[in-house]
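Below you'll find the structure, written out as structure tokens, and then a few comments.
First the proteins, then the strands, lettered A, B, ... as listed; each starts at 1. On a predicted model such as this, the values are computed, not experimentally measured, just so you know.
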Amino acid sequence: MGLRTALRRIAATRVAVLLVTAPGATAVRLAVEAGVRRRGPAWGWAESPAAANALLVAAGPGHQAGGTLPDSLPGRLWDLLPHPKARATAAGEDEAGPALDSLAEALAAGPGWRSGSAPGGPGRQARKGAGGQDTELVAGLPMAERGDDRDGLRLDVLHLPLGPALPDWPAGLVVDVALQGDVVQEARVRPLSGPGALPPSGDALPYWDEPWLRAAHGESVSEGAAHRRRCAAHLDSLGRMLGVAGWPGPADRARRLRDAALRGAPAGVLLPGVQALRRRVERSRTLRGLVRGLGPLPAARARELGVDGPALAAAGDAYDRLLRWPTEAERSAAGVDSTALLADRRPVGPRGRLDGPRPPSRALLDALPPLLAGAELAAARLIVASLDPDPDELLGEEAPHG
Amino acid sequence: MMSPMSVWEPVLVLLGVVSGGVAALHGLGAWLRTGRALPDAGAFSGGLPPREHAFSRFHVRWYPVTMIFLAFDMEMLFMYPWVRVVRTMGVPAVVEMFLFLAVLLTAVVYAWREGALRWA
Amino acid sequence: MAETAPLWAVVVLPLALVVLAGVAAGADAVLSAAHGGAGAWRRAADPWREAVRLLVQQPRRTRAADRWLGRIGIGLVPVAAVLAAAVVPWGLRPVTDPAVGVVWFNAMEALAWAAVWLAGWGPNSAFSLVGGYRFLAQGLAYELPHMLALTTAALGAESLRVGAVVAAQRGLWFVVWMPVAFAVHLLSAAALAFWGPFAHPLGRDVAGGAAAEWSGPDRLVLLAGRWLLLAAGAAFAVPLFLGGGHGPLLPAWLWTVVKTAAVLAALLGLRHLVPTVRMDRYMEVAWLVLVPLTLLQALVVAVVVLGRR
């Protein structure tokens, strides 16, 4: 075995996963995240295609590959990955493990550096300039043009679709932003239902709202299970927020606690962990200094938009909303051992009331565009993460229109 | 006393060694990898294609800070040689330098009051 | 005046810096996995394996990119780190000891401005462009306090020669009476390496920022280069503030290594304690807290120097 083979073999043992989650596939994403962690130090996450050597699509159960993602998205992302590379799709929690294994096998077998992907994939076609007829195209794209900015200047504008496959970003969400420098001039949320959208089947309830919706349908759900889900939902949101804020240690801690909650850890184990995390987050004056003042959503405005849940209770800026999550997660963590049945009252999920005319995440999305306008790109990412709309909730809503 | 040449000679050699090292890494990579070269990829912002090229006149909101910085940075050029003569020149050297710095710092405070240090 | 090392040190220095950076990156991987239970120490080899993965990976081109401009920027990162480290005495002998060593370090470290901006501009991608410009803003915030901190140490020794700065600390380490300058230098070491709390130019919120579009050996040189910069910055704290190779019992070169490792450990701790800082919030802190504090520190040192007569 030559040096070349040996080095290639070492390289093939490492897997940097670019994860694309379809709306409705939260359970699959959680299974994939837990699976990657279980597989140890050779596995990690890629923040962009250039950093990745494995593409994993987490699709909803019963959906075809890609689910409600735009049809071309997995193929386009695949074309962005450099060789050697491997791809897989997991369409269900139980497929997460096999999908990850298949990635490792494909990389170890090394077809990625011999044959590569099938030639002539969708990404190889030269795109025609869709940006306008009379603009001059360079390599198929127009150059940036000028537009008025918030300070009354005329400056170059870049139009950028944020999402749907960014790290720590709501699954499938696409926000079209107009950037001048790194300041968002205008933001528009795209409707989720792309050409590949499927109406959700009856058993595919939004993952984070499941216990309450089941109870509302007359099934018997224990209070403990509901607390568990709420605790995990808030920790998931917190982990994402801290990830965007660039604090990887506590973000990772939040995700580990989330997984522990979902795996059925008793309150005696869960509660001290959540408490310690809450104290750590609350004590960080740097974090407060960085997030304070971003995306203010006072109670009156929140109520007007129909926002409910932690975002309404926080009645303040992104930092207030950030602090609600560990606080409420701690409260829920205390109750995870309860075996009493969930009383058949109004169902209230982690993001608010579920029996209203619209799902709570719709109101959160409606709140976004005015908050994003005028924010720096980094602040915009924090504002999105601080509201953390759950696209799963919107699938049921948008199906009738589509 | 060393000649000036022997002071900067090692630096030149070092520059060669590092550049050679970076080139060697690229060579090693070329030797290790196989497969077709990639077609040019579109820029990544989450998976959807951008609408225009990113090369543009990027507007920086911290433009006023660069002005204050330049003023202070020029001052630092005086401060380096000043370091060596403080003791021989005595008290006037220190008084003059810190008066000058105080003037600059006043300008910084003024700029801060005008909101130049905060732009988001 | 300190003697300089023989010419073969020119080959050893880059290798030593690479090993130091690799060990630091390994320690960081271990620290990150510390909650993961047993076997976390095995992560120490992770950076080396990741380096092999990136070596084998194809370099990637973005459409209509200015690829070579970006590559020049990426190449500048390790060049800046190693050339800055040339004036750091390993033991008591640096590779070179110019009369303006402190200024030389400052000049090389400032190359990072060009490096990160070029690496961000090159790929013709909005995220990496934003990342590149973030570093320029970062430079405006950290550079001035850093220059003042460097000047303060030079003022204490009344010389810009690094060997003389070390010699001036034979009795008392500068860190004892220049704690502010030392702390600012540590912050600046992290900032100039766009690392840890100052990693915003390569932020997760813009999918890796200036590094977002680079793969293969390009990515390796960029990411390894920032560890080299960090190691160089940490190593320079030793002759400036921690007495260089001076110390009891151990040989001078070993003291240098031990002190550099301690500085790096402090920086790793900082990374795990503090979230990533955004310049639109940090700028005020830098100009209204750090600059006046370092100026005050310089004034105190100047008065002490006057008192020496």
| request: Might you work through the salt bridge (charged side-chain N to carboxylate O under 4.0 Å, His left out) test for A/E282 and A/R279, ending with a clear yes or no? | output: CA-CA 5 Å; A/E282 280 176 355; A/R279 276 196 296 267; over 6 Å; no
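Remark: the C/E213 side chain and the C/S125 side chain contain an N/O donor-acceptor pair separated by less than 3.5 Å.
With a threshold of 4.5 angstrom between heavy atoms, A/A52 approaches chain C through N, CA, C or O but not through any side-chain atom. Using a 4.5 Å cut-off between heavy atoms, A/L158 touches chain C through its side chain atoms alone. Heavy atoms of A/V384 lying under 4.5 Å from chain C are absent altogether. Heavy-atom distances place both the backbone and the side chain of C/V274 under 4.5 Å from chain A. At a 4.5 Å heavy-atom cutoff, the contact between A/A245 and chain C is made by backbone atoms alone. Heavy atoms closer than 4.5 Å to chain C are found in both the backbone and the side chain of A/L290. With a 4.5 angstrom heavy-atom cutoff, A/L287 touches chain C via backbone and side-chain atoms both.
At a heavy-atom cut-off of under 4.5 Å, chain A is reached by C/H200 from residues 193-201 of chain C, listed in order of number. Contacts between residues 265-272 of chain C and chain A, defined by a heavy-atom separation under 4.5 Å, are made by C/R271, C/H272.
With respect to the salt-bridge test (charged N to carboxylate O, under 4.0 angstrom), the residues C/D46 and C/R49 qualify. Look at A/E376 and C/R278 and you find no salt bridge, because none of the NZ, NE, NH1 or NH2 atoms lies under 4.0 Å from a carboxylate O.
C/S128 places a side-chain N or O within 3.5 Å of a backbone atom of C/G120 that can act as its donor or acceptor partner. At least one donor-acceptor pair under 3.5 Å links the side chain of C/T276 to the backbone N or O of A/G246. A distance-only check finds no donor-acceptor pair linking the side chain of A/Q180 to the backbone of A/Q185 [under 3.5 Å]. In terms of modelled atom types and a separation under 3.5 Å, the side chain of A/R288 and the main chain of A/Y319 share no donor-acceptor contact. Within the 3.5 Å criterion, the main-chain N or O of C/A211 finds a donor-acceptor partner in the side chain of C/R219. Side-chain atoms of C/T62 never come within 3.5 Å of backbone atoms of C/N124 as a donor-acceptor pair (strictly under, hydrogens ignored).
Contact count against chain C (heavy-atom pairs under 4.5 Å) is highest for A/R292 among A/R4, A/R292, A/R37. Annotation: maximal heavy-atom pairing with chain A below 4.5 Å, among C/L54, C/L55, C/V277, occurs at C/V277. Most heavy-atom pairs under 4.5 Å with chain A, from the set C/A212, C/A126, C/G216, C/G208: that is C/A212. Considering only heavy-atom pairs separated by less than 4.5 Å from chain C, the leading option among A/L242, A/I10, A/V244 is A/I10.
For C/V18, the side chain to side chain contact (heavy atoms under 4.5 Å, CB included) partners two or more places apart in sequence, or in a different chain, are C/W48, C/L228. Residues that satisfy the salt bridge (Lys or Arg N to Asp or Glu O under 4.0 Å) test with A/D168, not counting sequence neighbours, are A/R255, C/R204.
Between the CZ atom of A/R9 and the CG atom of A/L107 there is a distance of 14.0 Å, given to the nearest 0.5 Å.
Centroid-to-centroid, the aromatic rings of C/W117 and C/W121 come within less than 6.0 Å.
Contact annotation: the side chain of A/V20 approaches that of A/L73 to within less than 4.5 Å [non-hydrogen atoms, C-beta and beyond].
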